[in-house]
Amino acid sequence: MKRKKVTRAISKTIIAVIIIVIVIAVAGGIGAYYSTLSSHPTSTSSSSVFSSSLPSTSSSLATTSSNVVYFINPWGAEYPMGLKWIQGNFSIYYPGYSVQYTSLPGASGVEERYVVINDIEAGKLQGAFWAHGGPEVLSYIELLPNPHDLYNMTPLLAQEGLFQKGVKQALIAISYNGTIFGAPTNVHRAEELYFNPQILKEYNLPIPTNLSTLIYDTQQLEAHGIHPWAVSGAEGGYEQLHLWFAIFLSVASQYYGYAGAAKLSNELMYGVLNLDNTTIQKIINETDNIFVQFTGSNSVIPSWQSQSIWSALALVIKGQAVFETGGNWLAEYAAIWYNTTTYPAVEPYTKWNNITLMAMPFPGTQGIYVIDVDSIAIPTVNNPQEQAAINFVKFWTSYEGQKIWTYYKGVSIWANATDYYATPMQWYDYQALLNTPLQNFTWAFADGTLFDDAFYYLISQELNLQEQGTSYIPTFNAALLKAENMTFHEWQVAAKDGFGFVGMKGEPFGDYLPPWINPSTYSYNSTYTPSFLLSPPHYMLPYLKDLNQQKTHNYSLFINNTLLLYPILLSLVLFIQKTDKYLGMNIYKEFFSKFNFFYLFFFKKI
């Protein structure tokens with residue numbers, strides 16, 4: 001029986017926000033893609049930004065075949081060669097089966113997520129789609145008519161031997177009361193600091209192993225006229241959210257240690273972090289002020305609004321900036337597109353003089369593993385490609401498939417992998433994955449932790465915090481409370497469906513259970529609501545009122561990019577119209593409808 005969709009994961013207002021963020025992300029992502037084409041080791045058509053259907057674009061969207069799986073993903077401009085390797089080897093390991101890709105630009109799938117949401121609403125999902133393995137995937141579960149309209153990967157992964165020979169902590173991180181909705185393709189470590197050691201040496205500055213040293217380095221570089229921070233704005237606040245969360249973990253570790261900070265982060269993930277607690281308030285205010293310092297006009301690169309995370313990385317490698325926060329996807333991109341190897345900031349590498357890119361866990365968080373697992377989800381309703389998609393998942397999650405894909409991309413989920421990685425940083429992160437205690441794990445806040453509505457809401461608030469600075473801190477903190485409220489209620493919907501916590505019975509993720517789960521029976525307590533959500537702190541009430549009257553998107557960033565966006569939008573429309581011919585769908589009309597809604601929503605309310 002299909003359930004009534006009383007609560008939806010994405011509201012109409014949030015969809016409008018998503019459209020704006022996507023448009024900005026397209027501009028930034030394509031700019032970075034074209035700027036780096038000449039340095040790529042293989043020739044790739046620029047159309048692969050939109051449709052990475054290898055080897056043949058002309059037949060990629062032909063009539064559906066049960067032996068062909070169409071896979072929508074965000075990796076075409078990031079890792080096209082890896083997609084090609086997976087594609088070719090899949091057909092070798094599973095003769096008669098093949099895969100065709102549709103790749104959409106935008107870090108963290110900012111555009112791909114929206115397309116998946118639209119496809120779910122229209123009831124016409126592709127054979128398989130990319131999703132973070134974190135709570136974000138529950139956004140799609142809540143939109144589907146039935147929770148089991150996404151394939152339960154748990155029996156398949158068990159059959160393939162992952163529960164015996166895989167990294168248990170990573171499997172726990174993508175389980176929801178024991179159910180896994182996305183087959184893992186790779187494991188990333190997030191909240192790392194990437195930096196150019198040459199510039200630090202030039203000014204006789206130490207490698208920042210703690211937060212105070214990072215603040216000191218930032219101040220000294222500013223004093224020498226250097227912009228220390230490469231923080232990009234083209235993804236609509238995505239990288240800002242990474243930086244804010246990394247600072248939060250570092251400050252929290254000073255108060256509670258690594259395990260305590262991870263626990264606070266996991267409370268944040270569930271929407272139950274007590275923002276009325278004085279120590280928590282102190283941690284968040286310290287985080288806000290350091291964030292504002294790192295993203296101030298004297299500190300951050302002047303062109304930050306138009307930079308993507310990838311083009312910002314190029315500035316670090318060139319020495320035009322020094323620091324960037326992200327995950328080991330930056331190591332992957334540096335190696336593939338910029339021919340630059342990332343080294344961990346440990347001996348003997350710290351003594352070498354010819355390294356232009358180093359990375360480390362964000363200073364002060366060395367004992368915490370901030371996990372981010374990419375995965376493949378398979379719809380189970382009206383999906384004639386289901387068996388082909390299952391075979392595709394089996395290959396990609398196999399040891400051989402992981403070895404092919406994770407040569408550059410993150411690390412393997414298998415616990416018995418050897419050091420076949422392209423960069424020393426990956427091996428360093430892999431060893432940490434195997435050896436970090438479960439209670440020191442948390443999810444990447446900007447990559448999978450948040451339901452999609454809370455994600456798009458918070459990244460827009462991060463942009464406001466960067467642009468308006470210290471004066472916006474009280475409003476941002478109220479926005480964080482609002483996001484926690486959104487998150488808490490999303491989890492209650494998931495819990496009613498039987499997916500109320502990350503992990504398995506007896507093995508909750510981060511060794512932490514949310515307070516609505518009975519630790520003895522693992523049953524759902526529907527009467528629990530955090531006191532600070534029932535009665536918001538009095539000092540926040542004026543700012544919560546302001547938020548309710550605030551436009552939910554960032555106008556100035558859009559206006560600054562308007563002239564660049566028109567050709568990008570035109571290219572997107574032409575691609576969609578071409579796609580429509582193959583699919584026999586009116587999706588380009590749907591796009592114009594959405595764009596018209598966006599236009600009216602945006603310009604009529606300025």
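Here, residue 1 is the first one in the sequence, and each next residue gets the next number.
Ring planes of Trp329 and His188: perpendicular class, angle over 60° (limits at 30 and 60°). Ring pair Tyr420/Tyr399 is perpendicular by interplanar angle, where above 60° counts as perpendicular and below 30° as parallel. Using a 30° and 60° split on the angle between ring planes, His132 and Trp130 fall in the perpendicular class, above 60°. Between Phe71 and Tyr101, the ring-plane angle classifies as perpendicular under the 30° and 60° cut-offs. Trp396 and Phe392 have perpendicular rings, their planes meeting at more than 60° on a 0 to 90° scale where under 30° would count as parallel.
The main-chain N or O of Val316 is found under 3.5 Å from a side-chain atom of Asn196 such that the two form a donor-acceptor pair. Checked by atom type and distance alone, the side chain of Glu484 pairs as donor or acceptor with a backbone atom of Leu273 at under 3.5 Å. Gln426 contributes a side-chain N or O that, together with a main-chain N or O of Thr406, makes up a donor-acceptor pair within less than 3.5 Å. Gln466 places no side-chain N or O within donor-acceptor distance of the main-chain N or O of Gly296, the cut-off being under 3.5 Å. The backbone N or O of Ala261 lies less than 3.5 Å from no partner atom in the side chain of Ser265, so there is not a single donor-acceptor pair. Within the 3.5 Å criterion, the main-chain N or O of Glu78 finds a donor-acceptor partner in the side chain of Trp337.
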Mind running ring pair (Phe, Tyr, Trp, His ring centres under 6.0 Å) on Tyr421 and Tyr408 for me, showing each step along the way?
CA-CA 6 Å; Tyr421 298 112; Tyr408 280 117; over 10 Å; no

Go through Trp75 and Tyr79 one step at a time and tell me if the ring pair (Phe, Tyr, Trp, His ring centres under 6.0 Å) criterion holds.
CA-CA 5 Å; Trp75 291 321; Tyr79 191 12; 8.2 Å; no

Could you walk me through whether Trp310 and Tyr338 satisfy the ring pair (Phe, Tyr, Trp, His ring centres under 6.0 Å) test, starting with their C-alpha distance in whole Å, then the side-chain angles of each, then the deciding distance to 0.1 Å, before giving a yes or no?
CA-CA 10 Å; Trp310 315 120; Tyr338 301 137; 8.9 Å; no

Under the ring pair (Phe, Tyr, Trp, His ring centres under 6.0 Å) rule, what do Phe501 and Tyr176 come out as? Steps first, then yes or no, please.
CA-CA 6 Å; Phe501 69 97; Tyr176 299 91; 8.8 Å; no

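Arg113 forms a cation-pi arrangement with Phe455, by the criterion of a distance under 6.0 Å to the ring centre and an angle within 45° of the ring axis.
Put simply, CE on Met504 and CZ on Phe509 are 12.0 Å apart, with the number rounded to the nearest 0.5 Å. Taken to the nearest 0.5 Å, the OH atom of Tyr369 stands 6.0 Å off from the CZ atom of Arg189. In this structure, CD on Glu490 lies 9.5 Å from CG on Leu138, to the nearest 0.5 angstrom. Rounded to the nearest 0.5 Å, atoms CD (Gln307) and CD (Glu239) are 10.0 Å apart. Thr449 OG1 to Asp372 CG: the interatomic distance, rounded to the nearest 0.5 Å, is 8.5 Å. To the nearest 0.5 Å, atoms CD1 (Ile280) and CG (Asn477) are separated by 12.5 Å.
For the pair Asn266 and Pro514, the minimum side-chain heavy-atom distance is 4.5 Å or more. Contact check for Asp452 versus Tyr140: side-chain heavy atoms found under the 4.5 Å cut-off. In this structure, the side chains of Gln219 and Gln293 come closer than 4.5 Å at one or more pairs of heavy atoms. At a threshold of 4.5 Å between non-hydrogen side-chain atoms, the residues Pro424 and Tyr349 count as touching. In this structure, the side chains of Leu150 and Ile141 come closer than 4.5 Å at one or more pairs of heavy atoms.
Screening Phe476, Phe362, Tyr238 for a ring-ring contact (aromatic ring centres under 6.0 Å, His included) with Trp244, the sole residue that qualifies is Phe476. Checking Phe195, Phe294, Tyr194, Phe291 one by one against Trp229, the ring-ring contact (aromatic ring centres under 6.0 Å, His included) holds for a single residue, Phe294.
Of all heavy-atom pairs between Ala345 and Met360, the closest is CB-CB, 4.1 Å. Minimum heavy-atom separation, Leu313 to Leu330: CD2-O, 3.4 Å.
Environment of NZ in Lys165: sparse, with no more than 12 heavy atoms of neighbouring residues, nucleotides or ligands closer than 6.0 Å.
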